[in-house]
Every structure is written in structure tokens, then in C-alpha cells.
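Below: one structure, written as C-alpha cells.
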Amino acid sequence: MDYITTQDQGSERREQILEVALKQFSDYGYHKTKVSDIVKAAGVAQGTFYWYFKSKEAIALEIIHNKEADLIAVVLQGYRESKVTVQEVVQASEKLFEDYFVFSQQNKYFMRLLLKGMETEESVQSAILETRIKLEKAFQKNIERAAELGILPQKDPMVQSALLVSLLEGMLERWLFNPQQGYSKLQSQSAKQLAKYVVQFEFFGLLGI
């Protein structure tokens, strides 16, 4: 028989508070969300919140740093260790972007904060900005490595990563967050289908060559 320890229960409760706080920040904004709102939605006492977190700012920073690590790990799987064929690069890129879209779908509230930002403490705003910069640099690192291996032509990886991230953010904005009728077809696509579209455009452009 498996036994749930007090430590396990505490860890689960802590994660629950983190997830509830993330949703509250995403739905209502940082300043409009009070600690009392978080504990009410989580079904815990206010003292329980302060047992795990020193403040609302502290929990917001932890949310960003935790999710950032997971997101960057998804992107860095595209770092190549050795030279491969163009077809293998395309397939690997499709897998990377599919994982990126799946992560975004599973972490919708975090991605909303990351893409749309929120009015908050300066420290939290800085953490969001730093995450966006790290994300772009992770893609840049992948591109630089591919150029080193001769998989991609030597161009400007900083500009290339900025363009790629802008493309991904635009797709996410329409896919996850924009209910306008004009995007209904896009919103019906799976993460795998979106990944194929992005890779096709990334490698072959509008002409499809």
C-alpha cells in the first residue's frame, strides 16, 4: 500500500497554490489579485499561503522562474550535436515546435502573462522581460549551432531568432488567446499541424521553395 506523507501533501498543496495564483494573475492581473483571492480559490487558510510564500511578489517570481526553466528546456532540445540532413533538421524542428505549442497549450496562463505582460512590481516585470530575452537567445543558440555545422547559411542569428520568435508569438496569440471569428480555422488546428506550418514557412517561405 502506498502512503502519502505529510511532506507529499505539503508539496501538493504548495503546487496547488502556485497554479491557482498563476490563473488569478492571468485572469485578473497582478494588482487586482489579492492574497485573500488566491487562498479562497485554492481553498486554504491565509496562514497556509504565508507558510509557503513570503508575499504575493514572491509567489509571482517563483511562478515565472519555474515555468521559464521548463520552456527554455523545450527550446534547447533543438540544439544540434552533429551535422544532419536538411530533412532531418525539418523533422527535428517540427518536433521542437510541436512541443513548444503543446507546452503553451498546457501552460496557457503562463504564456498569456509572458506574451501580454501585466502591470505589476518592477521585479516581476523584469523577470517576465528576462524570460522573453532568454527564450529568444535559446532559439538564437540553436540557429548559431546549425550555422556552425553548415546546416544553415551564415547570416544574422540574432535577427533570425527575433523573426522566428515573432512568428511563434503571433501564431500563439491567434491560436490560444484571440477568439475573433476570423481565426476560427487556425484555432481548430492541432499543435502538430501548427508546427508543420511554422517549419514550412521557416525553411521555405511564402514561395514554398
Side-chain angles (χ1 to χ4, degrees), residues 1-77 79 96-141 165-166 168-179 187 191:
M1 179 181 293
D2 294 330
Y3 293 95
I4 299 176
T5 66
T6 302
Q7 184 176 359
D8 290 335
Q9 289 176 329
S11 179
E12 289 178 5
R13 182 59 54 86
R14 194 176 193 281
E15 288 301 315
Q16 177 194 7
I17 296 171
L18 282 165
E19 290 299 322
V20 168
L22 172 57
K23 185 177 186 303
Q24 294 282 318
F25 292 147
S26 177
D27 287 346
Y28 306 110
Y30 180 87
H31 289 306
K32 290 184 178 180
T33 298
K34 301 176 182 177
V35 171
S36 58
D37 297 324
I38 296 171
V39 299
K40 182 179 179 182
V44 300
Q46 194 145 322
T48 303
F49 177 93
Y50 288 110
W51 175 262
Y52 296 114
F53 308 101
K54 290 195 298 185
S55 63
K56 184 172 73 169
E57 179 183 7
I59 194 173
L61 287 171
E62 183 165 337
I63 287 168
I64 294 166
H65 291 149
N66 288 350
K67 298 292 186 182
E68 171 196 291
D70 295 336
L71 177 58
I72 299 302
V74 170
V75 176
L76 287 179
Q77 70 173 302
Y79 186 84
L96 188 159
F97 292 132
E98 181 182 354
D99 289 348
Y100 177 87
F101 286 126
V102 168
F103 175 91
S104 300
Q105 197 171 37
Q106 293 175 344
N107 296 272
K108 184 175 179 178
Y109 299 119
F110 170 69
M111 295 305 289
R112 180 186 289 161
L113 294 183
L114 194 63
L115 268 61
K116 296 180 177 293
M118 64 177 175
E119 186 179 348
T120 180
E121 308 289 349
E122 184 176 344
S123 61
V124 182
Q125 287 180 330
S126 294
I128 292 173
L129 177 59
E130 286 172 11
T131 299
R132 292 176 64 92
I133 292 172
K134 287 179 183 178
L135 176 64
E136 203 160 297
K137 286 187 175 179
F139 278 112
Q140 182 178 334
K141 184 177 180 180
V165 170
S166 296
L168 289 170
E169 289 181 352
M171 294 288 280
L172 281 179
E173 168 69 24
R174 291 160 177 78
W175 187 51
L176 288 181
F177 306 121
N178 202 322
Q187 289 166 344

Between F97 and F139, the two heavy atoms sitting closest are CE2-CE2, 3.8 Å

Worksheet item: Does OH in Y79 sit with more than 12 non-hydrogen atoms of other residues, nucleotides or ligands closer than 6.0 Å?
Response: yes

Quiz item: Taking C-beta and beyond as the side chain, do L114 and L71 meet within less than 4.5 Å on heavy atoms?
Solution: yes

The side chain to side chain donor-acceptor pair (under 3.5 Å) partners of E98 (sequence neighbours excluded) come to none

I want to check something: taking the side chain as every heavy atom from C-beta on, are F101 and L168 in contact at a cut-off of under 4.5 Å? yes

Output for pair (Q46 CD, I38 CD1), nearest 0.5 Å, gives 9.5 Å

For V35 and Y50: C-alpha separation, side-chain torsions, deciding distance, then whether side chain to side chain contact (heavy atoms under 4.5 Å, CB included) applies. CA-CA 9 Å; V35 171; Y50 288 110; 3.6 Å; yes

**Message:** Are F25 and I63 packed together at the side-chain level, in the sense that at least one heavy-atom pair is separated by less than 4.5 angstrom?
**Reply:** yes

In short, side chain to side chain donor-acceptor pair (under 3.5 Å) pairs touching residues 109-134 with sequence neighbours left out are S26-R112, D27-R112, E57-S123, E68-T131, E68-K134, K116-E173, R132-E169

With side chain to side chain contact (heavy atoms under 4.5 Å, CB included) as the criterion, how do M118 and V124 come out once you've worked through the C-alpha distance, each side chain's angles and the decisive distance to 0.1 Å? CA-CA 9 Å; M118 64 177 175; V124 182; 3.9 Å; yes

To the nearest 0.5 Å, atom CG of L176 lies from atom CG of L115 at 9.0 Å

Of all heavy-atom pairs linking A21 and I59, the shortest is CB-CD1, 3.6 Å

Interatomic distance, CD@E15 vs CG@N66, rounded to 0.5 Å, equals 7.0 Å

Minimal heavy-atom distance between L113 and I128, with the atoms involved, is O-CG2, 4.0 Å

Rounded to the nearest 0.5 angstrom, the CE-CH2 distance for M111 and W175 is 10.0 Å

A42 and I17 have their tightest heavy-atom pair at CB-CG1, 4.5 Å

K56 and Y30 have their tightest heavy-atom pair at NZ-O, 2.9 Å

In terms of heavy-atom contacts, L135 and V75 come closest through CD1-CG2, 3.5 Å

Sorted by chain and number, sequence neighbours left out, side chain to side chain donor-acceptor pair (under 3.5 Å) with S55 holds for none

